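This is a predicted model, so every value here is computed, not measured. Start at 1 with the first residue, then count along the sequence.
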Amino acid sequence: RLKDEVKQSVVAICGVLVDFHNLIELNLSDNAFGPLGAEAMSEFLSKHTGLQVLKLNNNGLGIQGGTTIASALIKCQAECEKQGKEPALHTIVCGRNRLENGSAPAFAKAFAALKSLREVRMPQNGIRSEGITELVTGLASNSKLAILDLQDNTFTHSGSAALATALPSWDALEHLNVGDCLLGSTGGRLVIEALKDRATLKVVNLQYNEIEQDGAIALAESLRTLKLLESLELNGNRFDAESNAIELIKAALSENDIDDDIIGSLSDMEEITDDEEEEEEEKEEEEEEEEEPEIEQEMAVVIEATKDG
């Protein structure tokens, strides 16, 4: 279809849906309507206050389309407030859309405004550390969040620190997927140490994050409080699958009467060279010095806003 036809098609669909006042789920995933399609559905999304589940996976939204969708959700929250009712939206699936950092401020604002989210899945969006920091800071306002999937975006130290800071806000968190997110050695350890306060967790994916031996040992300690754990993915990190860290992890699981077969495959573990270790330490030290004040400031704003609310 031509671009104009795509927009007209989505306008037509949403035009029909307007009359379905009891509609609670909209799934338009795997349709390549891009930013024009997002623009076409923005009016519907901004006014349909009963929508509970929104699935827009693999739609080619890009930064522009993602920003348009997030802005519509902000307007919908304002409409809910005007009508004197709580936002109904609790699930957002928006993966594989190349949202990147450019759409993160709008989504962060929408998340912070809604406060109703229980499931957010935004994997494979090319979002880097600055955008991740904004997203998890906004999500910190959603205390009922149970599922968070940000797989295959790029956290590094600053994004990991922001996630570690936000984790205590999610009392109901059951599923955390930050696999393939380049948490890094120190960033990974920050997240791992924060997990010990989330006893509700059932699924944790930490694979391919350059987590090293010290992080794995810290994980063993955090696992002592995760008595409901059903799945743990650690493959592709930088410690030996036969190391004492793995034995400590298995021992921690055993203490909770959890079979160690919940640990996924460890067939692709990395080895870190001395030169790589030295370079990584220098890089992460620089990131810590430059980025931690920004994280603290952003989280302070969210905490203050929560108090005011």
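- For Glu119, the CD atom is densely surrounded, since the number of other residues' heavy atoms within 6.0 Å is greater than 12.
- Contact of the Ile249 side chain with the Leu234 side chain is registered, since non-hydrogen atoms from C-beta on lie closer than 4.5 Å.
- Glu255 and Arg224 are joined by a salt bridge, as a carboxylate oxygen and a charged side-chain nitrogen come within less than 4.0 angstrom of each other.
- Expressed to the nearest 0.5 Å, how far CD1 of Ile24 lies from CG of Leu89 amounts to 11.5 Å.
- Arg98 pairs by the side chain to side chain donor-acceptor pair (under 3.5 Å) definition with Glu100, not counting sequence neighbours.
- Inter-residue side-chain proximity for His157 and Leu190 is flagged as met; some heavy-atom pair is nearer than 4.5 Å.
- Contact record, Ala72 with Ser42: CB-O, 3.5 Å, taken as the closest heavy-atom pair.
- Side-chain contact between Ser267 and Asn235: present, with at least one pair of heavy atoms (C-beta onward) separated by less than 4.5 Å.
- The side-chain heavy atoms of Phe44 and Ile13, taken from C-beta on, include no pair separated by under 4.5 Å.
- The nearest pair of heavy atoms linking Asn153 to Gln124 is ND2-N, 3.8 Å.
- Of the possible donor and acceptor atoms, none in the side chain of Ser254 sits under 3.5 Å from a partner among the backbone N and O of Lys250.
- Comment: Asp171 engages Arg198 in a salt bridge, judged by a side-chain N to carboxylate O separation of less than 4.0 angstrom.
- One hydrophobic cluster, built from ILVMFWY side chains closer than 4.5 Å, cannot hold both Ile69 and Val93; they sit in different ones.
- Taking 4.0 Å as the cut-off between side-chain N and carboxylate O, Glu79 and Lys47 do not count as a salt-bridged pair.
- Without hydrogens or angle criteria, Asn125 side chain to Pro123 main chain gives a donor-acceptor distance under 3.5 Å.
- A donor-acceptor contact shorter than 3.5 Å is absent between the side chain of Thr154 and the backbone of Arg128.
- No donor-acceptor distance shorter than 3.5 angstrom exists from the side chain of Asn142 to the backbone of Leu114, with no hydrogens or angles considered.
- Open room surrounds CD on Glu242; 12 or fewer heavy atoms of other groups in view lie less than 6.0 Å from it.
- Within the model, atoms CG of Leu73 and NZ of Lys109 stand 12.5 Å from one another, a figure rounded to the nearest 0.5 Å.
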*Show your working on side chain to side chain donor-acceptor pair (under 3.5 Å) between Gln151 and Asp180 and close with a plain yes or no.*
CA-CA 6 Å; Gln151 184 172 11; Asp180 303 271; 3.0 Å; yes
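- With hydrogens and angles left out, the side-chain atoms of Asp30 and Asn58 include a donor and acceptor closer than 3.5 Å.
- If you take CG on Leu232 and CG on Leu226, they are separated by 9.0 Å, rounding to the nearest 0.5 Å.
- Residues Leu54 and Leu117 share a hydrophobic cluster, clusters being chains of Ile/Leu/Val/Met/Phe/Trp/Tyr side chains in contact below 4.5 Å.
- A distance-only check finds a donor-acceptor pair linking the side chain of Asn237 to the backbone of Leu206 [under 3.5 Å].
- Residues Leu219 and Ile211 have side chains not in contact (no heavy-atom distance under 4.5 Å, counting atoms from C-beta outward).
- Gln213 and Asn244 form a side-chain donor-acceptor contact under 3.5 Å, judged by distance and modelled atom types alone.
- In this structure, Lys196 places its NZ atom where more than 12 heavy-atom neighbours from other residues, nucleotides or ligands lie under 6.0 Å away.
- Counting heavy atoms of neighbouring residues, nucleotides and ligands inside a 6.0 Å radius, atom CD of Glu247 exceeds 12 of them.
- Within the 4.5 Å cutoff, side-chain heavy atoms of His90 are placed close to those of Val53.
- Listed here is the closest heavy atom pair of Thr49 and Gln83: OG1-OE1, 3.8 Å.
- If you chain together hydrophobic residues whose side chains sit under 4.5 Å apart, Val178 and Leu266 fall into the same group.
- At least one donor-acceptor pair closer than 3.5 Å links the side chain of Asn97 to the backbone N or O of Gly60.
- Put simply, CG on Leu150 and CZ on Phe155 are 4.5 Å apart, with the number rounded to the nearest 0.5 Å.
- At least one side-chain heavy atom of Cys181 sits under 4.5 Å from a side-chain heavy atom of Asn209.
- Contact check for Phe239 versus Ile246: side-chain heavy atoms found under the 4.5 Å cut-off.
- Applying the side chain to side chain contact (heavy atoms under 4.5 Å, CB included) test between Leu195 and each of Leu167, Thr225, Leu173, Leu223 identifies Leu167 as the sole match.
- At least one donor-acceptor pair closer than 3.5 Å links the side chain of Ser222 to the backbone N or O of Ile192.
- The two residues Pro87 and Cys80 come nearest to each other via the heavy atoms CA-SG, 3.8 Å.
- Electrostatic pairing of Glu193 and Arg189 counts as a salt bridge here, judged by a charged N lying under 4.0 Å from a carboxylate O.
- The main-chain N or O of Leu17 is never found under 3.5 Å from a side-chain atom of His48 such that the two would form a donor-acceptor pair.
- Val18 and Val11 are assigned to two separate hydrophobic clusters, defined by single-linkage of ILVMFWY side chains at heavy-atom distances under 4.5 Å.
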